[in-house]
Structures are given as C-alpha cells and as structure tokens.
Amino acid sequence: DLLALQGVERGTFKLAILTTVKYTVPKLLGGFCAAHPGIDVAMVVGNRENLLQRLASNQDDLYIMGQPPDTMDLVSEPFADNPLVLVAPRDHPLAGRKRIAPRRLASEPFIMREPGSGTRLTTEKFFAEHGIALKNRLEVGSNEAIKQTVAGGLGLAVLSATTVVSEIALGELVRLDVQGFPLIRRWHVVYPRGKHLSAATLAFKQWLLDHR
Ligand code: PGA
C-alpha cells in the first residue's frame, strides 16, 4: 500500500562495510540509490575489529563483514565468497611455479595488515597451522598501500582477491600458486538480533542479496 511504499522510498540508513568489501558493494549501493532517490545512505569502511566495536555499540543498521562472532546475538546471512590470494611482484622468482609448498615461503618477507584485520587473522592462522612463523617485514594498514608496497618489491602479501583484480590484470602483481590457496572466507550481511530494521534498510538488504 501507499504508506508502506513511502516507507521504502524515504528514509536513511547506516551501513558499515569491511575494507575488502569496498571494491564491490559501493557499486551495488550506487544502483540502489539511483533506483531509490529518496533514501539517504551513510556508509563507513573499517576493518574487522572496527566493525565488531560498532556492532557492539549498535552504531549502524547493517554490516557487511566476515565471520560473525558467536559471542554476540546476531542475524547473519551469507553474502559472497571472499577468496584470499598470495600476491608477489611480477619478477618474483616463484612467479609461474606450480603448487608451491607453504614452507617455501618461510624465508620470504611479508607485508601484513594491521592487528584487527580479518585478512591478517586468516593469514596468520593458515601459516601457524603449517608450523610457519612468517617474517613480517612491514605492517601496513591499508590494502591499497600494501599493493603498492608489494609491487615495489618489498615482500609478499595475502589480500582479498577483489582488492587486486586490476593490478593482476595489468601485470603489476602476480598471484602465486601456493598449496592451500586461495584461503576461503565469506562475507555476511549482519545485524543485531532483535534490532528493528527500517523499510529502507530491508529494501537495501534485499537489493544486496538479489545482486550478489
Ligand atoms: P579486514 O577485512 O582485513 O579489513 O578486517 C577482511 C575480513 O575480515 O574478512
């Protein structure tokens, strides 16, 4: 009915997304906003730890994050796969090798994301499970800066595949074929259980799931 329609066509909502999601979801958001010009959206971008803190203090309507913590009472719907790949500068000696053993990387310098990053957490877990202590050469708090640092020859990195699509296409970075990779994470659309979602928020959530 008309009232319900007005509810969807007007309003605001706040969205919080992971740093690795900003290569895909903002485009979807663009399509949604064009289709619903009366809805205003505020979007923040943060790492896993930032989003968990925002969730705990109920700062946003909807979150797009990795594995939701089981310590909070949340509603979580799988959104898309987030494969993590191992990237190197294009002239790296291991470029083009098949099925590289993880232990072969123990002597390589790595560029790591900041503590609080889900990408970092997953990377550390993988290498710890293989009994490998990585040599952290540099800690860099942004996917963008890490790509440049790797391309500049300072080390290797594990990054969400969506963050390096253009660099790989342009040949600035290469993906190493390491056993166990890609590491598969998954993005979820998340909100606190019991939270009232406005009509605008529900419409966007549906849009996301329809366009994933
Ligand atoms: P992050 O995002 O590395 O920016 O925290 C990735 C994730 O949690 O999957």
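Read the numbers this way: they start at 1 and go in the same order the structure lists the ligands and their atoms.
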Report task. Measure up the F32 and W207 rings against each other and bin them: parallel (under 30°), tilted (30 to 60°), perpendicular (over 60°). Result -> perpendicular
Query raised in the report: Does the side chain of T19 pick up a donor-acceptor pair with the side chain of R113 at under 3.5 Å?
Result: yes
Query raised in the report: Listed by chain and number, what are the salt bridge (charged side-chain N to carboxylate O under 4.0 Å, His left out) partners of E77, not counting sequence neighbours?
Result: K205
Query raised in the report: Would E172 and K147 pass as an ion pair if we require N to O under 4.0 Å?
Result: no
**Report entry** Side-chain donor/acceptor of K14 to backbone N/O of Q59, under 3.5 Å
**Finding:** yes
Inventory of protein N or O atoms under 3.5 Å from ligand 1 N or O:
unit_1: ligand 1; atom_1: 3 (O); unit_2: R113; atom_2: NH1; d: 3.2
unit_1: ligand 1; atom_1: 3 (O); unit_2: S117; atom_2: OG; d: 2.7
unit_1: ligand 1; atom_1: 3 (O); unit_2: G118; atom_2: N; d: 3.2
unit_1: ligand 1; atom_1: 3 (O); unit_2: T119; atom_2: N; d: 2.9
unit_1: ligand 1; atom_1: 3 (O); unit_2: T119; atom_2: OG1; d: 2.7
unit_1: ligand 1; atom_1: 4 (O); unit_2: T19; atom_2: OG1; d: 2.5
unit_1: ligand 1; atom_1: 4 (O); unit_2: R113; atom_2: NH1; d: 3.3
unit_1: ligand 1; atom_1: 4 (O); unit_2: R113; atom_2: NH2; d: 2.8
unit_1: ligand 1; atom_1: 5 (O); unit_2: R48; atom_2: N; d: 2.8
unit_1: ligand 1; atom_1: 5 (O); unit_2: G118; atom_2: N; d: 2.7
unit_1: ligand 1; atom_1: 8 (O); unit_2: R185; atom_2: NH2; d: 3.0
unit_1: ligand 1; atom_1: 9 (O); unit_2: R185; atom_2: NE; d: 2.6
unit_1: ligand 1; atom_1: 9 (O); unit_2: R185; atom_2: NH2; d: 3.0

Report task. Would you please classify the geometry between the F126 ring and the F181 ring as parallel, tilted or perpendicular, with 30° and 60° separating the classes? Result -> perpendicular
